[in-house]
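Since the structure comes first, as structure tokens, the remarks are kept for the end.
Proteins come first, then strands; the chains are lettered A, B, ... in the order of their sequence lines, and each starts at number 1.
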Amino acid sequence: MPVVESTVLICAGGACISAGEKSAKQALEKKLKEYALDGVVRVVETGCMAACDLGPILVIYPEGVFYQKVTPEAAEAIAEEHLLKGRVVEKYLYKGAEGELRRRPQEEIPFFTKQVKVATRNLGVIDPLSIDEYIARDGYFALNRVLNDMSPNDVLKELKSSGLRGRGGAGFPTHLKWSFTRQADGKPKYIICNADEGDPGAFMDRAILEGDPHVVVEAMTIAGMVIGADKGYVYCRAEYPLAIDRLTTAIEKAREYGFLGDGIMGSDRSFDIEIRIGAGAFVCGEETALINSIEGKRGIPKVKPPFPATSGLWGKPTLLNNVETFANIPQILLNGGDWFSSFGVEGSRGTKVFALAGKINNTGLVEVPMGTTLQELIFEIGGGIPDGKKLKAVQTGGPSGGCIPLEHMDAPITYDSLAELGTILGSGGMIVMDEDDCMVDVAKFFLEFTVEESCGQCTPCRDGTRQMLNILEKITADEDAEEDLEALKHLGEHIMKTSLCGLGQTAPQPVVSTMRFFWDEYLAHVREGKCPAKRCKSLTRIVIDEEKCVGCTACARVCPVDAISGAVKEVHYIDPEICTRCGACLEVCRFDAINKVSP
Amino acid sequence: MAKIKSLEELTKIKEQAVKGLKMRDSGKKGKIVVAMGTCGIAAGAKDTLRAVVDSLSEKGVEDISVIQSGCFGLCDVEPTIEVHLEGSDPIIYGNVTPGNAKRIIEQHVIEGKVVGDLIVKRGEL
């Protein structure tokens with residue numbers, strides 16, 4: 001991202017659009033270009049700012065100055081006076097209903113105000129290597145309470161009233177998992193933290209382990225006390241070296257302070273944690289495969305039941321939770337289950353961390369109450385889509401999830417509403433796609449991933465996903481594939497019904513979901529040989545407009561495969577046989593003479 | 001470090017550490033927190049950290065402590081640093097290249113003027 005000096009938020013809610021937001025925005029952008037400010041001032045269209053009668057509304061950050069009733073003339077004045085010369089234009093300042101001048105301070109931008117931080121409350125606030133700073137933020141006080149003031153049943157009661165469900169993807173009620181493991185016969189029992197975060201685009205667990213490792217140590221110890229286990233494992237993927245480093249330090253410090261080891265905090269209880277490093281297989285995030293991997297066996301899933309709660313690690317009762325699930329526990333026990341369930345909606349309580357990635361301005365990590373709408377998450381907190389492009393879809397749940405199209409952006413984010421839309425909440429990765437993304441290509445990307453990551457144990461997943469990928473490759477390669485679409489559907493249904501584990505049961509989801517919402521795009525590929533997003537290489541050409549080309553040779557010089565020919569000051573030509581559609585020429589042409597076309 | 005055996009001992013550590021976090025008792029006039037998650041490091045936070053430490057010592061500033069932390073969520077504007085001087089609101093800056101770090105030390109820490117164009121957030125996280 002280039003250094004942006006000012007950000008202009010212009011309200012593009014329905015009311016402001018009808019009040020003339022588009023023409024004001026155009027006038028503003030024109031002026032900015034004139035003053036050569038377009039590189040340092042970012043203009044962002046936002047959702048409704050809730051002052052519709054005074055629209056169009058415009059806010060300038062970092063100062064946080066609000067303007068109202070921004071006509072095109074007002075926009076020009078603001079560009080010249082405020083953005084160029086740095087003087088506030090009093091005349092158009094937002095006056096609110098009571099006529100009072102208002103300038104909102106910086107911290108009220110939606111990225112911060114809309115967030116509720118529970119699992120990520122210490123991230124960026126404390127030094128992850130300092131146990132004292134964790135204690136300063138009430139660290140290990142929940143453990144103390146569990147050891148001295150709460151019975152295991154009290155803890156389970158709080159978890160139940162909190163409504164916390166597993167944050168790793170499946171959404172199983174946490175209190176049930178804890179009580180099943182507590183009630184199970186067999187000794188010893190084990191606690192496992194699943195830190196094998198593998199979905200492309202998801203990184204909340206890494207951020208928690210890197211920024212607040214003690215919260216996981218404390219929560220696992222609490223789990224040990226409640227379930228009756230004295231040994232825990234964190235299964236972390238090898239791709240997270242910094243997380244492993246910081247967690248290692250945290251475990252050592254916790255031992256030093258007597259939060260781990262024998263006689264925890266002066267009691268007669270013992271608990272200790274070891275780290276196990278995964279070798280990079282996606283399937284090892286599946287709980288039974290993960291357990292196999294810790295045992296030193298090949299990481300392949302087992303048939304369930306028995307569930308790990310009764311027969312897990314080395315055949316013993318095992319509690320397995322994800323990093324983010326654990327990170328919520330100490331706060332729930334300190335503030336009460338009712339406090340946690342006051343966030344969110346029926347069936348999906350509390351907050352959830354999302355990793356925003358793809359075509360979105362505020363790429364990063366956010367924590368919001370469940371039930372927040374996609375609209376709020378993407379446009380208000382996420383800051384919308386870069387370069388004035390239009391949102392096409394949001395992919396949730398990684399390779400096990402699907403795409404939610406633009407028309408469903410008003411859906412609240414809950415386990416149930418996303419299931420209705422044919423996707424899953426998953427671990428919280430959100431990949432935002434704009435008009436330049438081809439949905440068939442997206443489905444192909446995720447399927448390539450699962451084909452690669454299938455453990456190969458059962459046929460539907462191993463061979464079925466391969467067959468689906470073959471069809472997708474045919475579709476995107478301009479081969480006659482219309483009849484294969486039916487087969488693609490059937491394969492998807494059968495793989496979902498007949499696979500052994502979660503990986504196979506959900507692997508066709510990206511295809512099924514895009515076929516549901518973007519059927520037209522599939523048809524355009526197979527019937528017209530056309531990729532509407534101009535993404536699929538075999539269906540796209542890059543051509544030079546003979547009218548506009550002045551023969552400057554800029555394109556020919558950047559072409560990495562020498563596909564462009566032509567003499568100086570003569571019209572150039574791209575050889576489609578050699579061209580790899582890399583798009584380097586598109587970026588350097590200053591005459592707008594190069595275009596991507598799909599027949 | 002002796003093992004903690006009671007709520008009293010835990011509370012004592014908390015009280016001391018809270019002071020450290022708010023730095024009333026640390027003998028320092030302020031602190032600079034550099035976000036060092038993987039995203040920050042990938043964006044160059046290690047160079048930023050070095051630039052912060054170097055320009056502080058270059059300017060002879062000794063009463064500012066430099067601390068590292070994790071990712072606070074706005075990975076898009078990494079590297080980020082928080083400048084918290086005693087008696088004023090903490091300021092979080094984004095896109096802190098080594099050059100910008102130097103500018104922040106000179107303008108904010110030494111002259112007391114907030115560097116407007118790099119601000120991401122004012123106030124506590």
Practice prompt. Check each atom of B/Thr97 against the heavy atoms of chain A and say whether the ones under 4.5 Å are side chain, backbone, both or neither.
Written response: neither

Practice prompt. Could you tell me which portion of A/Leu129 (side chain, backbone, both or neither) has an atom closer than 4.5 angstrom to a non-hydrogen atom of chain B?
Written response: side chain

Worksheet item: Can you tell me how far the CD1 atom of B/Ile105 sits from the OG atom of B/Ser57, to the nearest 0.5 Å?
Response: 10.0 Å

Worksheet item: By a 4.5 Å heavy-atom criterion (distance strictly below it), what part of A/Tyr240 contacts chain B: side chain, backbone, both, or neither?
Response: neither

Practice prompt. Carefully, step by step, assess A/Asp127 and B/Ser69 under the rule side-chain hydrogen bond (donor to acceptor under 3.5 Å, both in side chains).
Written response: CA-CA 4 Å; A/Asp127 177 352; B/Ser69 75; over 6 Å; no

Worksheet item: Can you name the closest pair of heavy atoms from A/Asp434 and A/Lys359 and give their distance?
Response: OD1-NZ, 3.1 Å

Worksheet item: Does the cation-pi check pass for A/Lys352 over A/Phe354, that is, NZ or CZ under 6.0 Å from the six-membered ring centre and within 45° of its axis?
Response: yes

Worksheet item: Does any non-hydrogen side-chain atom of B/Glu58 lie less than 4.5 Å from one of B/Lys102?
Response: yes

Worksheet item: Among A/Val146, A/Asn148, A/Leu147, which residue meets the side-chain contact (heavy atoms from CB on, under 4.5 Å) test with A/Asn144?
Response: A/Asn148

Worksheet item: Which one of B/Gly94, B/Gly70, B/Gly73 has the most heavy-atom pairs closer than 4.5 Å to chain A?
Response: B/Gly73

Item to complete: Let me know if B/Leu74 has heavy atoms under 4.5 Å from chain A in its side chain, its backbone, both or neither.
Response: both

Worksheet item: Which answer fits A/Tyr134, side chain, backbone, both or neither, if we ask what part of it has an atom under 4.5 Å from a heavy atom of chain B?
Response: neither

Worksheet, complete the sentence: Highest number of heavy-atom pairs under 4.5 Å with chain A among B/Glu15, B/Met36, B/Glu9 belongs to B/Met36

Worksheet item: So which of A/Asp138, A/Val366, A/Ile360 has the largest heavy-atom pair count under 4.5 angstrom toward chain B?
Response: A/Asp138

Fill in: Distance (rounded to the nearest 0.5 Å) between B/Ile41 CD1 and B/Lys46 NZ
5.0 Å

Practice prompt. Could you tell me which portion of A/Arg246 (side chain, backbone, both or neither) has an atom closer than 4.5 angstrom to a non-hydrogen atom of chain B?
Written response: side chain

